[in-house]
Amino acid sequence: MNQKSLIIFLSALLLFLSINFSHAQTQEPDDEVVQGVREQIQKQVEERVTSLLEENKKRGWSGTIIKSDNTGFQIDNSYTNTTREVLVDPDTSIISETRQNLDIEDLTVGKKILAMGYLNGENILVGKRVLVIGEDDSQRNRFPAFGTLSDKSINEKIITVVSNKDKDIILQLTINSKSTVETLDENKVDYDDLVAGSKVALVYEDSEDEKIVLSMKILDKNDQPQATPTLAEEN
Amino acid sequence: MKKEVLLAIIIGITLGLIIMAGVKFNSIKSFITSDEKQATIADAVSPTPTSTITPTPKSTYAISIISPENESIIETSSFDLIGKTSPLSTVVIIAEEDEIILQSGPQGEFETSVDLIGGENIIEITSYDSQGGEAKTNLTLTYTTADI
């Protein structure tokens, strides 16, 4: 009986040691798996925290109503090219263009609105205040430009600016009383002090018959003697 | 007695070695499989170019707005616009009733105060570098003093 027990004991001991040893050899891949799982959990937690933070932020969405019922409406924003959903409830303030209180039924398809409220977890705006705003057909007609002042007229206050990005883009711009021309450190620059070759950044208004400088900054003045000024050629 | 003990040791070692060899084989197999998986993921993320010519990296001239967030509601008539672009770029900001031209700092950072009108404000921000690089982004903000 003792001999048998000893044989079983020794066999079990060796078996145990062998399994332990082989298990220790497989630790490295297990650690990689654990690390992977840990990273995945961390990523999911970060996403959830971001989503929760986003949920409580106030947001303002504008657009044209394309679908409406008594719980809310869908708006289409052609500027951002998005269609989104806004929920309303009896507590939501709905205000007309003339500052009159409206009901949800008054929010009909085609109306342009500005909805203010909070995002819920499904990226739907829970509207707290909805303003009906007039259809704004006026396109923004102010544009930025960056280039080199290549020429200026002596007869009129007209400058020629060649784009730095594309030399084929040549702008002829009028400077008038609406225009502000300054250096980067905000020192006023008169038309007579403009020098060909200067790098400029500007915003101009594109009206029907002319482009007018609204704001222009001289970035680096070229103090080289300038060529005789000529009347800027039409593009 | 001695014979039996020796026999037990030999049996134990043999059995242990067989189990160890089995486990080791499995672990190597799973390690190779995970390596293959990683290689597949890495290939999907950055596919090896089929051509031997090294592709030239595309220009990454960009602009980003740090604050405020797009489509935020602002309760004051002006706000601080904070953004980042390439160092020493020229940044042109066109707000509803205002135009601002400034230069980014040595790290590409820029900050300025922008006035708002009541309701929706679309702010266009364009950045230029001296090499002709141009990057553009828009910010839509709502200015209201009403309780939301």
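Naming: A, B, ... by sequence-line order, numbering from 1 per chain. Hydrogens, waters and symmetry mates are skipped; everything else that's a heavy atom, side chains included, is used.
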Evaluate the side-chain proximity of B:Ile122 to A:Tyr79: yes if any heavy-atom separation is below 4.5 Å, no if none is.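 A:Tyr79 reaches B:Ile122 side chain to side chain.
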Does any non-hydrogen side-chain atom of B:Ser72 lie less than 4.5 Å from one of A:Arg59?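 SC-SC contact between A:Arg59 and B:Ser72 confirmed.
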Sort [X] into side chain, backbone, both or neither according to what part of it lies under 4.5 angstrom from a heavy atom of chain A.
{"X": "B:Asn121", "result": "neither"}
{"X": "B:Leu141", "result": "neither"}
{"X": "B:Asn70", "result": "backbone"}
{"X": "B:Thr144", "result": "side chain"}

Inter-residue atom distance A:Asn164.CG - B:Glu134.CD, 0.5 Å rounding: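 Nearest 0.5 Å value for the CG-CD distance: 10.5 Å.
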Roughly how far apart are B:Ile148 CD1 and A:Lys128 NZ, rounded to 0.5 Å?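 Reported value, rounded in 0.5 Å steps: 10.0 Å.
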Under 4.5 Å, counting heavy-atom pairs only, tell me which of B:Asn138, B:Leu102, B:Ile100 racks up the most with chain A.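 Top count of heavy-atom pairs under 4.5 Å with chain A: B:Asn138.
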Among A:Leu131, A:Leu202, A:Thr80, A:Val203, which residue forms the greatest number of heavy-atom pairs with chain B at distances under 4.5 Å?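 Highest number of heavy-atom pairs under 4.5 Å: A:Val203.
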Can you tell which of A:Gly147, A:Ala145, A:Gly36 has the highest number of heavy-atom pairs within less than 4.5 Å of chain B?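 That would be A:Ala145.
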Within the side chain of A:Lys217, is there an N or O that forms a donor-acceptor pair under 3.5 Å with the backbone of B:Ile101?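 Yes: the side chain of A:Lys217 pairs with the backbone of B:Ile101.
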Whether A:Arg84 and B:Glu71 form a salt bridge (side-chain N of Lys/Arg under 4.0 Å from carboxylate O of Asp/Glu) is what I want to check.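 Counted as a salt bridge, because a side-chain N and a carboxylate O are separated by less than 4.0 Å.
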In terms of side-chain geometry, is the basic nitrogen of B:Glu124 or A:Arg140 positioned less than 4.0 Å from the acidic oxygen of its partner?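 Salt bridge present between B:Glu124 and A:Arg140.
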Let me see the working for A:Trp61 and B:Thr142 under side chain to side chain contact (heavy atoms under 4.5 Å, CB included), right down to the final yes or no. CA-CA 8 Å; A:Trp61 289 357; B:Thr142 301; over 6 Å; no
Near B:Asp147 CG, under 6.0 Å, is it more than 12 heavy atoms from other residues, nucleotides or ligands?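 No, CG of B:Asp147 has 12 or fewer neighbouring heavy atoms, counting only those of other groups under 6.0 Å.
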A:Phe143 versus chain B, the contacting section by heavy-atom distance below 4.5 Å: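 For A:Phe143, the contact with chain B is made by the backbone alone.
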Need one label for A:Lys165: side chain, backbone, both or neither, based on atoms under 4.5 Å from any heavy atom in chain B.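 Contact with chain B is through both the backbone and side chain of A:Lys165.
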Which members of residues 79-95 of chain B, sorted by number, sit under 4.5 angstrom from chain A on a heavy-atom basis?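 Residues B:Thr90, B:Val92, B:Ile94, B:Ala95 are the ones that qualify, each having a heavy atom under 4.5 Å from chain A.
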Identify the two heavy atoms, one from A:Pro144 and one from B:Thr126, that lie closest to each other, and give their separation to 0.1 Å.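 Heavy-atom minimum between the residues: CG-OG1, 3.7 Å.
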Minimum heavy-atom separation for B:Glu99 to A:Arg142, with atom names?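 Looking at all heavy atoms of both residues, the closest pair is OE2-NH1, 2.7 Å.
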